[in-house]
Protein chains: 2
Amino acid sequence: MDVKTETAVDSLAEDERQPTRIQAINRGIILDAALDVFSVHGFKGSTVDQIAERAGMSKPNLLYYYRRKRDIYAAVLELTLDAWLAPLESLDPDGDPIEELRRYISKKLELSAERPEASRLFANEILAGAPAIGGFLSTRLKRLVQAKAAVIGQWVSEGRLAPVDPHHLIFMIWATTQHYADFDVQVRAILGEQVGKPGFREQTAQAVLSIILNGIRPRP
Amino acid sequence: MDVKTETAVDSLAEDERQPTRIQAINRGIILDAALDVFSVHGFKGSTVDQIAERAGMSKPNLLYYYRRKRDIYAAVLELTLDAWLAPLESLDPDGDPIEELRRYISKKLELSAERPEASRLFANEILAGAPAIGGFLSTRLKRLVQAKAAVIGQWVSEGRLAPVDPHHLIFMIWATTQHYADFDVQVRAILGEQVGKPGFREQTAQAVLSIILNGIRPRP
DNA sequence: GTCTATAGATTGATAGAC
DNA sequence: GTCTATCAATCTATAGAC
């Protein structure tokens, strides 16, 4: 990479506090690599060497961008927190309950298939006792879940859903959808090559949606 | 501990290849401690020091019983593998489908509440790519799941269950029940102190059973 | 069987040349 | 910004006294 040429093209009057183009690129490469490593082995089980190798740079160079291992970890986590809340946030109190939950479950399954590393990153963090995101869990996440549980509770009390415990319904949706990311190795060991083949995602969605939605559909 | 007295009482003509009483006791203490540590941080994230401290013995003494870290890990895993298969194995093809699945889900929820560390141990191992139990997953576990999926498929074709994909139903049951062990920290952050209180387990079981069983009950 | 001491390897992080 | 070299801490595992 020719650094001088790269920056000279894009940056006029570069502010010292603004990240340069090469900084932004390298930070992005590092965070991608860090996600791959942390999502498999967790924070304690991962090494800076592993991340540096996967990012294709030397360890000291990586530590030039993020001074300490926990800084990389914090950056990776923060990048994924918002994406984690988005699907549940979009659950619309004014929509049709079954259709809203169908959309939510579908969205979570898509996320699980497209960004399984993000799911595994959180799984590892929570298994380890959530030392880094304990605050997030008990504030932002808790508030969001309480709000959406109230919405589901409202739907139930209006008779638009079968009488279900909203919190446990949310947990079941999380568990089931994230299972396909977190336990991917196990799913593959049992189902074999069909995992990842064209129709598998649709088949999974159909099966999961059928059971859960039938389970909460209001009954006459 | 007075070793001589202990063994003299219980062992007559002790065979050199048989573990002595103190050996059995210490191995048990070590495995309990190792389960606690490995289930939180996984294999790579755990240290022999941590296990030794929790077991209340020195590191060299611990390594007298299990020569290497991976030997301890293998022993802990093997101890829990059978208990892991047992509930699914007991799914009876000749029983009533809904009642059999109710029993299975209840059993898994009990296990999740009573031995959450075992669940977290597997979760960590599978997240890490199942380096130690990959063989178990693709042989014993796969065979068992295929057999029980066939049973569920039979129930479906007889019209005794709604048309569900047996494998995905099993995955959903695993995911949902194990969620309460694996993501305990998150569940506690959201639900607060009610987790662990007297009625919580029953409330959870009621909610989970209601959704899943209603979701697969045959419809006229 | 249990301990202290320590070897040998890995790891997080820094120094300093370019 | 990137590299080689290296320090200091941690970690697995062993040696050897008791």
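Treat the numbers as computed from the prediction; the structure is a model and nothing was measured. Protein chains get the first letters and strands the later ones, always in sequence-line order, with residue 1 at the start of each.
- Between the CZ atom of A/Arg68 and the C1' atom of C/dT11 there is a distance of 16 Å, rounded to whole Å.
- Counting to the nearest Å, the C1' atom of D/dA13 and the CZ atom of B/Arg70 are 11 Å from each other.
- Atom NZ in B/Lys44 sits about 7 Å away from atom P in C/dT11, given to the nearest Å.
- Distances shown here put a side-chain N or O of B/Ser58 below 4.0 Å from the OP1 or OP2 atom of C/dC3.
- Map B/Lys59 and A/Gly56 each onto its nearest nucleotide of DNA chain D; the residue landing nearer the 5' end is A/Gly56.
- Distance from the side chain of B/Pro60 is smallest for D/dT14 among the nucleotides D/dG1, C/dG12, D/dT14.
- Judged by the 6.0 Å distance and 45° axis criteria, A/Lys148 is not positioned over the aromatic ring of A/Trp174.
- Taking atom NZ of A/Lys69 as the reference point, atom P of C/dT10 lies 16 Å away to the nearest angstrom.
- The phosphate of D/dG1 has neither OP1 nor OP2 within less than 4.0 Å of any side-chain N or O from A/Asn61.
- For the pair A/Leu62 CG and D/dT4 C1', the computed distance is 16 Å after rounding to whole Å.
- Side-chain nitrogen and oxygen atoms of B/Arg67 include none within less than 4.0 Å of the OP1 or OP2 phosphate oxygen of D/dT12.
- Salt bridge annotation for A/Asp182-A/Arg120: absent, with no cationic side-chain nitrogen under 4.0 angstrom from a carboxylate oxygen.
- Salt bridge annotation for A/Arg201-A/Glu114: present, with a cationic side-chain nitrogen under 4.0 angstrom from a carboxylate oxygen.
- Atom-to-atom, OH of B/Tyr64 to P of D/dG16 comes out at 18 Å; the value is rounded to the nearest Å.
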message: Under the criterion ring pair (Phe, Tyr, Trp, His ring centres under 6.0 Å), I'd like the reasoning laid out for A/Phe43 against B/His41: C-alpha separation, chi angles, the key distance, then a yes or no.
response: CA-CA 9 Å; A/Phe43 177 73; B/His41 296 111; over 10 Å; no
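- Rounding to whole angstrom units, CG of residue B/Leu63 and C1' of C/dT4 are separated by 14 Å.
- At whole-Å resolution of the value, CZ in A/Arg21 and C1' in D/dG1 are 16 Å apart.
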